[in-house]
Amino acid sequence: MTLFKAKNMMIAVGLIAAIPVTQSMAHEDTAGLPADVAARMAVMIQIKEAMAPLGGMAKGAVDFDAAVAQAAVASLLDASERTAAVFEANVSDPKSEALPAIWENWDDFVSKSDDLTFAAEGWDVSSLDSLRAGMGNIGAACSACHKAYRMKK
Ligand code: HEC
């Protein structure tokens, strides 16, 4: 019971944390979407935005900066840790790319989300070499989940 309450609290905190992101993303077309769908898109957009400077540094398009990299990984980790909570409600929308398989294979979906969390937790971005070395694990965690649970465009 206590655990159940704690879990709901975490979901609530996650949703609150997602609100500013959703609002600042009006141009990303989350306006008018069901709140549950907007919240999960906001988390994915946070992941994408966290990956942008990291990908830029890995490619050499952006100068390596350990502090910027560390902040980006913290944001990635925050969003990854909130992924299961924001996807829990089985809500669909024509604009959503989430496949029904998510809720048919919920434990596997959560485990794929945990894989990204573990990869992000273990990602040493204190040097450009280690940043580059960890990139593959992260990309693999994104695509493992997208392949199974996100519509192909
Ligand atoms: C546990 C599963 C899972 C993981 C891990 C995951 N995603 Fe996603 N992602 C999804 C699903 C499902 C959607 C579709 C959500 C929707 O449209 O309702 C999505 C959507 C997205 C979108 C589109 C957001 C929008 O609506 O504009 C981006 C960008 C994205 N993911 C990037 C990433 C990146 C980058 C990673 C890895 C660092 C990642 N995702 C990891 C499941 C995942």
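When a ligand or atom number is given, it counts from 1 through the structure's own listing order.
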Number the atoms of ligand 1 from 1 as they appear, then name those within less than 4.0 Å of a heavy atom of [X], with their elements.
{"X": "Phe109", "answer": "1 (C), 2 (C)"}
{"X": "Cys145", "answer": "1 (C), 2 (C), 3 (C), 4 (C), 5 (C), 42 (C), 43 (C)"}
{"X": "Tyr149", "answer": "12 (C)"}
{"X": "Ser113", "answer": "1 (C)"}
{"X": "Ala141", "answer": "5 (C)"}

Problem - Heavy-atom nearest neighbour of atom 36 (C) of ligand 1 within options Ala101, Ala84, Cys142 - result: Cys142
Handout entry: For atom 22 (C) of ligand 1, the option (of Arg150, Met41, Lys48, Gln46) bearing the nearest heavy atom
Key = Arg150
Problem - Distance-only donor-acceptor check, side chains Ser80 and Thr83, under 3.5 Å - result: no
Problem - Distance-only side-chain donor-acceptor flag, Asp129 / Ser127, under 3.5 Å - result: no
Quick check: [X] and ligand 1, any N/O pair under 3.5 Å apart?
{"X": "Glu97", "result": "yes"}
{"X": "Ser96", "result": "yes"}
{"X": "Arg40", "result": "yes"}

Problem - Contact partition for Ser80 relative to ligand 1, non-hydrogen atoms under 4.0 Å - result: neither
Exercise for the section: Have a look at ligand 1 and work out which part of Phe87, if any, has a heavy atom under 4.0 Å from it: side chain, backbone, both or neither. Expected result: side chain
Exercise for the section: Only one of His146, Arg150, Met41 passes side chain to side chain contact (heavy atoms under 4.5 Å, CB included) with Glu97; say which it is. Expected result: Arg150
Practice task
Mind listing the closest non-hydrogen atom pair of Phe64 and Val125 along with its distance?
Solution key: CZ-O, 3.3 Å
Handout entry: Closest non-hydrogen atom pair between Val110 and Ala84, with its separation
Key = CG2-CB, 4.1 Å
Handout entry: Salt bridge Arg40-Asp36, side-chain N to carboxylate O under 4.0 Å
Key = no
Problem - His146 backbone or side-chain N/O/S under 2.8 Å from atom 8 (Fe) of ligand 1 - result: yes
Practice task
Describe, in one word, how the ring planes of Phe109 and Tyr149 are oriented to each other, choosing from parallel (under 30°), tilted (30 to 60°) and perpendicular (over 60°).
Solution key: perpendicular
Practice task
Give a yes or no on whether the backbone of Leu131 and the side-chain of Trp123 come within a donor-acceptor separation of less than 3.5 Å.
Solution key: yes
Exercise for the section: Decide whether the shortest distance between a heavy atom of Ile102 and an atom of ligand 1 is less than 4.0 Å. Expected result: yes
Practice task
Can you run down the side chain to side chain donor-acceptor pair (under 3.5 Å) pairs that involve residues 50-73, sequence neighbours left out, and say none if there aren't any?
Solution key: none
